Amino acid sequence: MVASPRVRFSPAPTGYLHVGSARSALFNWLYARHTGGTFIVRVEDTDTARSQPELTEAVLDTLRRLGLDWDETHHQSDRFDLYRVAAERFLDEGLAYRCDCSQDDVKARNEAAGGPPGYDGHCRDRNVQPGDGVVVRFRTPDEGTTGWDDVIRDRVEFENRHLEDFVIVRSNGVPMFLLANAIDDVDMGITHVIRGEDLVNTTPKVLLLRQALGDDEPPVYAHLPLIVNEARKKLSKRRDDVNIGDYLDRGFLPEAMLNYLATLGWGAPDGVELRPMAEIVQLFELTDIGKSPAAFDLKKLSHFNGEYLRALPVDEFVERVEPWIGGPDAPWSPDQFDRDAFGRLAPLVQERTKTLDEVPELVDWLFLADPPEDQASWDKEMGKPHASAVLDSAIAGAEAAGEWTADAVRALVEKAAHDAGLVGAEGNPQLAKAQAPVRVATLGRSKGLPLFESLELLGHDETVRRLRAARSRV
RNA sequence: GCCCCCAUCGUCCAGCGGCCUAGGACGCCUCCCUUUCAAGGAGGUAACACGGGUUCAAAUCCCGUUGGGGGUACCA
């Protein structure tokens, strides 16, 4: 019988979750959930010089924010003894040897010999004894090939002679990731290794290590196509926005993020891209993953996010925006914020936002005494010949208004259109033109929420005040 | 340099020998709706890198070329 799949996501403690890593985590998670298997998070923190608990925690935290829950947690730093024992055994069995060459030595010899970079096997038979600056290297075969049947890439093979004798234990006694990786995959019974294509070339080394460990049943490997930027280069920390946490902070919803990431390299058989995670879990198959690199498209992600945002029940939408409008990061102080007023605008806001961080500027005119004024909007609308006539009429209309409702505002703008001569061929008011100066005067921009409803909420007095103030400057 | 991989619209995904005058999605353009902006509706734009095979038939299989990418650490 086939054992239940066990897959692992192996982040290095970098301090943030990378877009590419998140996609790897997602695909592992999808496979585990699809098959009823086990999703393991194994922190590969063998680099003691760089690893810090906070950095690891930041990565795990983002995984949690995304909703990628896991079943087991392991830290390689807890398992060093296991790796050291194995290294000792390799040494005893002649599968590994000590080496005291410095990196400079190796490099110098390669250059002198005009040979390719990489370790040249200098210490293979020198019987180097333990000491300062001494590492342990794994002896790779000189002949033959090492390969595997990749679910995504079919057969991949390397000639052993191209595999250098790589370091498995550093000179400070700390094991290297290849050793830890091989041992853990065997020890933890990992059945499927799903990871980025940038790791293919380490696979033969791990396979060799597994053989040395006595393992005769390697896992199924699935090397995912890379996620690249517009320039078709692997996403990098320097050039690109790769921090998933940043995206979440900008107001991309975790579910939209995951849905989008799922479309990078994978496609549902029916071609439907935008769909609930539950369906993706159900449909996900490793065999449906493509092999060519996929570009990260922010526009498409934004579209997905907008779809998810609009699909939310209004009160949940309000709940989700809370951090952007009701907290310390909002452009206004908490006492300036009126939750009920926002609630009335919410449906209109929801329809117009692609990311949650856009929300404040859609409603700032309501909560700020002097809302930001868009200079370009002002110049354009107030510079038109009819601007002052419209404003004069609007002020008069607002002052004379009875009950202050959206309909009342509409009526006043219609009248302003007539008064300013903004009428169509059939004598109908040109609302689009007439509302523009009023909008800029009161809401600060030529684009935004529907004017009539907005002014109803702004209130009669404040509306008049802003209209007057604007008029005096035209 | 060496090793490994990839190759369908600008981008993502479909196509796994005939159903392809290549389909869907994002973007972009046009129109409709409309108090702005969105949203929505209707259209449109745009691709099988090239060259050889194999086959009655190739986007689909094979080889080569070209192009692109990844790796080449006492990082993972």
Side-chain angles (χ1 to χ4, degrees), chain A residues 10-14 21 44-47 49-50 99 101-103 106 114-119 133-137 150 152-153 156-159 162-164 166-172 174-178 180-181 195-204 223 225-226 228 230-234 260 263-274 288 290-304 306 310 348-354 362 377 381 406 409-410 413-414 417 429-436 438-440 443 445-454:
Chain A
S10 306
T14 51
S21 307
E44 309 223 317
D45 52 356
T46 53
D47 187 348
R50 297 185 202 181
C99 163
C101 299
S102 71
Q103 294 178 73
V106 176
Y119 186 67
V134 173
V135 301
V136 178
R137 287 184 183 274
D150 199 281
I152 297 170
R153 270 146 232 291
V156 182
E157 265 182 357
F158 288 78
E159 288 186 54
H162 288 131
L163 271 21
E164 64 176 330
F166 54 93
V167 175
I168 55 177
V169 180
R170 299 172 168 85
S171 57
N172 64 2
V174 177
M176 291 283 291
F177 96 101
L178 285 169
N181 190 283
R195 28 122 82 145
E197 192 202 340
D198 50 340
L199 271 327
V200 262
N201 64 134
T202 69
T203 304
H223 285 98
L226 256 22
V228 299
E230 313 71 22
R232 301 246 119 218
K233 307 260 192 221
K234 184 170 105 166
Y260 174 66
T263 67
L264 260 27
W266 176 82
D270 60 7
V272 178
E273 297 183 307
L274 212 119
D288 288 333
K291 33 179 80 161
S292 42
F296 188 78
D297 183 353
L298 190 61
K299 288 220 179 92
K300 191 159 178 176
L301 204 213
S302 294
H303 175 260
F304 273 40
R310 288 192 293 278
L348 302 177
V349 174
Q350 183 174 9
E351 195 70 11
R352 275 157 254 262
T353 93
K354 280 200 159 68
L362 279 170
S377 295
E381 298 305 337
V409 178
R410 168 188 282 269
V413 174
E414 281 176 353
Q430 295 177 308
L431 276 188
K433 287 181 182 172
Q435 62 94 42
V438 175
R439 169 183 294 280
V440 173
L443 309 185
R445 300 182 189 87
S446 56
K447 299 177 177 181
L449 265 26
L451 181 68
F452 311 149
E453 292 80 351
S454 297

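So you know, we letter chains A, B, ... as the sequences are listed, proteins then strands, and number each from 1. Values in this document were obtained by computation on a predicted structure and should not be read as measured data.
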Counting distance only, does the side-chain N/O of [X] pair as donor-acceptor with the main-chain N or O of [Y] below 3.5 Å?
X        : Y        : answer
A/Arg232 : A/Val228 : no
A/Glu164 : A/Tyr119 : yes
A/Tyr260 : A/Asp297 : yes
A/Arg153 : A/His223 : yes
A/Arg170 : A/Pro175 : yes

Using a 4.0 Å heavy-atom cut-off across all strands, classify [X] as base, sugar-phosphate, or nothing.
X        : value
A/Arg153 : sugar-phosphate
A/Ser171 : base
A/Thr263 : sugar-phosphate
A/Val228 : nothing
A/Glu44  : sugar-phosphate
A/Ala436 : nothing
A/Glu230 : nothing
A/Leu226 : sugar-phosphate
A/Gly133 : base
A/Asp288 : sugar-phosphate
A/Leu199 : base
A/Arg195 : nothing
A/Thr46  : sugar-phosphate
A/Pro293 : sugar-phosphate

Can you check the distance between [N] and [M], where both ends of the measurement are the [atom1] atom (answer in whole Å)?
N     : M     : atom1 : answer
B/C9  : B/C48 : P     : 7 Å
B/C75 : B/C13 : P     : 34 Å
B/G27 : B/U21 : C1'   : 25 Å
B/G51 : B/A59 : P     : 13 Å
B/G15 : B/A7  : C1'   : 15 Å
B/A25 : B/U45 : C1'   : 15 Å
B/A47 : B/G24 : P     : 15 Å
B/C37 : B/C19 : C1'   : 44 Å

For [N], give the paired nucleotide (Watson-Crick: N1-N3 plus N6-O4 or O6-N4; G-U: N1-O2 and O6-N3; both under 3.5 Å), or none.
N     : value
B/A57 : none
B/C19 : none
B/G1  : B/U72
B/G43 : B/C29
B/C48 : none
B/U36 : none
B/G67 : B/C6

Report the distance from atom [atom1] of [X] to atom [atom2] of [Y], rounding to the nearest 0.5 Å.
X        : Y        : atom1 : atom2 : answer
A/Glu351 : A/Leu449 : CD    : CG    : 10.5 Å
A/Asp288 : A/Ile152 : CG    : CD1   : 10.5 Å
A/Glu44  : A/Leu178 : CD    : CG    : 9.5 Å
A/Lys299 : A/Phe304 : NZ    : CZ    : 15.5 Å

Candidates [options] - which lies nearest the side chain of [X]:
X        : options             : value
A/Lys300 : B/A39, B/G24, B/A76 : B/G24
A/Lys447 : B/A25, B/G69, B/U36 : B/U36
A/Arg352 : B/A38, B/U35, B/G1  : B/A38
A/Phe177 : B/C3, B/A76, B/C26  : B/A76
A/Ala432 : B/C74, B/U36, B/A39 : B/U36
A/Asp297 : B/A39, B/G10, B/G70 : B/G10
A/Lys299 : B/G27, B/U35, B/C74 : B/G27
A/Phe158 : B/C4, B/U35, B/G24  : B/C4
A/Val200 : B/C26, B/U36, B/C4  : B/C4
A/Arg50  : B/G27, B/A73, B/C12 : B/A73

Using heavy-atom distances to pick each residue's nearest nucleotide on RNA chain B, tell me which of A/Thr353 and A/Gly290 is more 5'.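 Here A/Gly290 is the residue nearer the 5' end.
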Tell me which of A/Glu197 and A/Asp47 sits closer to the 5' end of RNA chain B, going by the nucleotide each one is nearest to.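 The residue mapped nearer the 5' terminus is A/Glu197.
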Nearest whole angstrom, please: distance from the [atom2] of [N] to the [atom1] of [X].
X        : N     : atom1 : atom2 : value
A/Lys354 : B/C26 : NZ    : P     : 10 Å
A/Trp266 : B/C13 : CH2   : C1'   : 10 Å
A/Asn181 : B/C75 : CG    : P     : 15 Å
A/Glu351 : B/A38 : CD    : P     : 12 Å

Under 4.0 Å from OP1 or OP2 of [N]: is there any side-chain N or O of [X] that close?
X        : N     : value
A/Lys234 : B/G70 : no
A/Arg170 : B/A76 : yes
A/Arg310 : B/A39 : no

Taking the basic N atoms (NZ, or NE/NH1/NH2) and the acidic carboxylate oxygens, is any pair closer than 4.0 Å for A/Glu273 and A/Lys300? yes
Ring-on-base stacking B/U35 with A/Phe452 (under 5.5 Å, under 30°):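 Check passed, A/Phe452 stacks on base of B/U35.
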